[in-house]
Number of protein chains: 2
Amino acid sequence: MSERKYAIVGTGALGGYYGAKLQKAGSDVHFLLKRDYGKVSQDGLLVESKDGNFTLPQVNAYSDVAKMPKCDVVIVALKTTQNHLLPKLLPSIVKNDGIVLALQNGLGVEEEIAEILPKVHIIGGLCFLCSNKVGAGHIHHLDYGQIILGEYAHGYSSMGITDRMQQIAHDFQAAGISIELVEDLLLGRWKKLVWNIPYNGLSVVLNARTDELMADTYTRTLVEQLMYEVKAGAISMGRNLPDSFIQTMLDYTVKMKPYRTSMKIDYDECRPLEVEAIVGNPLRKAQEVGVNLPQINCLYHQLKFLDGRNRIGQLTVDS
Amino acid sequence: MSERKYAIVGTGALGGYYGAKLQKAGSDVHFLLKRDYGKVSQDGLLVESKDGNFTLPQVNAYSDVAKMPKCDVVIVALKTTQNHLLPKLLPSIVKNDGIVLALQNGLGVEEEIAEILPKVHIIGGLCFLCSNKVGAGHIHHLDYGQIILGEYAHGYSSMGITDRMQQIAHDFQAAGISIELVEDLLLGRWKKLVWNIPYNGLSVVLNARTDELMADTYTRTLVEQLMYEVKAGAISMGRNLPDSFIQTMLDYTVKMKPYRTSMKIDYDECRPLEVEAIVGNPLRKAQEVGVNLPQINCLYHQLKFLDGRNRIGQLTVDS
């Protein structure tokens with residue numbers, strides 16, 4: 001049992017899953033919720049999982065950060081579209097020498113957190129998780145769950161494998177979650193973008209699953225061209241990916257079950273898309289050093305249009 | 001009244017309109033039809049137009065080129081997606097020193113015709129016409145109708161204003177159709193692509209009208225970036241467009257009534273899209289001389305995917 005106190009900021013499909021697993025394994029976990037606070041503070045969490053279902057009838061639930069204890073590790077499990085809330089949420093709940101663990105997609109979140117809290121340690125996590133929130137406090141874990149962890153330093157200089165990373169890995173592994181530690185967080189993030197940019201982007205623009213994108217020779221080619229642009233983006237920040245990595249991602253996706261990407265699910269549910277974190281920030285990082293990624297740029301503008309129109313629709317439905 | 005004999009290959013919204021106007025003004029016009037042959041050979045053509053409705057109860061209708069007379073001017077009014085039929089349709093109906101007038105969108109048609117008929121004169125026409133075929137032999141002319149004509153020579157070298165162009169202009173003008181003669185057909189085609197590539201392409205990919213594309217700041221920017229890539233394509237073939245032309249096209253489109261592009265109409269009707277003529281050929285022309293047009297390339301691959309999926313849908317519906 002860990003002596004570390006964990007906070008989960010955003011108790012949804014991802015934060016709810018990892019937080020519940022940690023608590024079940026004996027960690028002291030404190031869950032921040034918004035809409036689902038009433039239900040979860042009453043009834044706790046229910047996780048249906050291919051690895052076995054379990055319930056936590058009693059959890060430490062909060063609707064207000066002011067009531068939360070200072071924690072050793074604050075896990076940011078919001079969608080990046082909610083990151084404008086972080087300056088209000090984080091400062092009061094992280095211990096002075098604490099850790100913020102950002103389990104988010106895309107690029108840029110560690111820098112945002114470092115601006116809010118220049119003195120905390122920041123670790124980035126890349127999650128490979130299929131899970132849905134099917135109701136308040138009710139998580140359906142479909143598959144996977146492993147996390148790649150890397151520690152952030154100013155300018156994304158490589159930090160190596162730190163003790164802090166190993167401590168967190170220990171707690172997660174005790175909870176049955178597979179962890180890989182990497183010396184270079186930025187390289188890890190760009191590697192994940194090799195998959196995320198083409199498949200998330202094209203799945204929304206073309207209303208297509210991964211198998212449809214790979215079965216058609218034109219989109220198969222476009223996916224690969226986009227992946228090489230992501231590689232050019234990585235190189236612009238001093239990180240290289242072997243071409244064999246791109247081929248592996250293509251082959252892996254062909255073999256995957258037909259998959260609706262997370263951005264497509266968000267789009268279909270009329271939720272805001274993580275366009276800025278996944279597409280906009282990588283694009284701008286490259287542009288800042290004079291590298292143009294024109295096909296990603298095309299995709300970015302298309303996604304911004306679709307996201308804007310989708311949210312107008314949502315407002316109309318809600319009002 | 002012209003002494004020239006005209007053939008109309010493809011008596012649809014465009015060929016039916018211009019052919020009917022020519023016949024009404026006294027030209028000798030011979031119409032090739034496929035599906036609509038029975039109806040039109042019986043009842044002729046009906047044109048409803050903002051400039052005045054008229055009927056031609058009797059027209060020279062054919063379902064077989066072998067029965068058609070040799071003509072002085074053969075007007076190709078098919079969609080470019082039908083151009084694989086031209087080697088069968090054209091040779092027997094053009095006089096030896098005759099003219100083929102290609103009223104089609106995009107790039108490449110004159111070269112295709114020159115391969116089929118190396119000795120005929122080829123004139124390209126860029127039509128600015130809003131018309132629909134609402135039934136067999138029934139054309140609805142909504143607006144515009146002017147044509148830009150330029151004569152083709154091998155390698156698109158400029159031919160100046162030829163007597164042949166002036167003769168055709170004379171016949172069309174006598175039929176009330178506004179004609180502009182240009183010395184440089186290729187420049188004219190690239191200028192039309194400045195509008196056609198971004199608006200046709202994005203209207204299909206993003207399911208959007210012109211006004212929606214111009215109202216959103218992201219697609220407005222993308223349209224402009226695509227227009228500058230078209231300019232780069234023109235430059236790759238030795239033709240330049242002033243930047244002011246791009247600004248004029250943008251301003252003109254903002255002021256236009258909300259418009260569903262012809263490619264979007266084809267897509268919505270599950271007809272094959274003119275992707276190759278409008279997007280693919282310009283892209284390859286530039287690539288042949290080492291110029292990459294990456295955002296147009298992205299659009300091309302997206303459109304090929306959507307066109308392919310749309311036609312599979314159509315086959316299912318038809319079968």
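Throughout, protein chains are lettered first and strands after them, A, B, ... in sequence-line order, and every chain is numbered starting at 1.
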| Check against side-chain contact (heavy atoms from CB on, under 4.5 Å), B:Leu206 and A:His301 | CA-CA 11 Å; B:Leu206 299 176; A:His301 285 80; over 6 Å; no
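Both the backbone and the side chain of B:Glu212 come within contact range of chain A, with heavy atoms under 4.5 Å apart. Residue B:Asn207 touches chain A through both its backbone and its side chain, counting heavy-atom pairs closer than 4.5 Å. For B:Leu306, the part sitting under 4.5 Å from any heavy atom of chain A is the side chain, from C-beta outward, and nothing else.
Within a 6.0 Å radius of OH in A:Tyr144, no more than 12 heavy atoms belonging to other residues, nucleotides or ligands are found. For A:His84, the NE2 atom sits in a packed shell: over 12 heavy atoms of surrounding residues, nucleotides or ligands are nearer than 6.0 Å.
With sequence neighbours excluded, the residues satisfying salt bridge (Lys or Arg N to Asp or Glu O under 4.0 Å) with B:Lys304 are B:Glu276.
In this structure, the separation between CD1 on B:Ile312 and CG on A:Asp216 is 8.0 Å, given to the nearest 0.5 Å. Distance check, rounded to the nearest 0.5 Å: CZ of B:Phe305 to CG of A:Leu213 gives 5.5 Å.
Options A:Leu202, A:Val205, A:Ile296, A:Asn297 differ in how many heavy-atom pairs under 4.5 Å they form with chain B, and the most are formed by A:Asn297.
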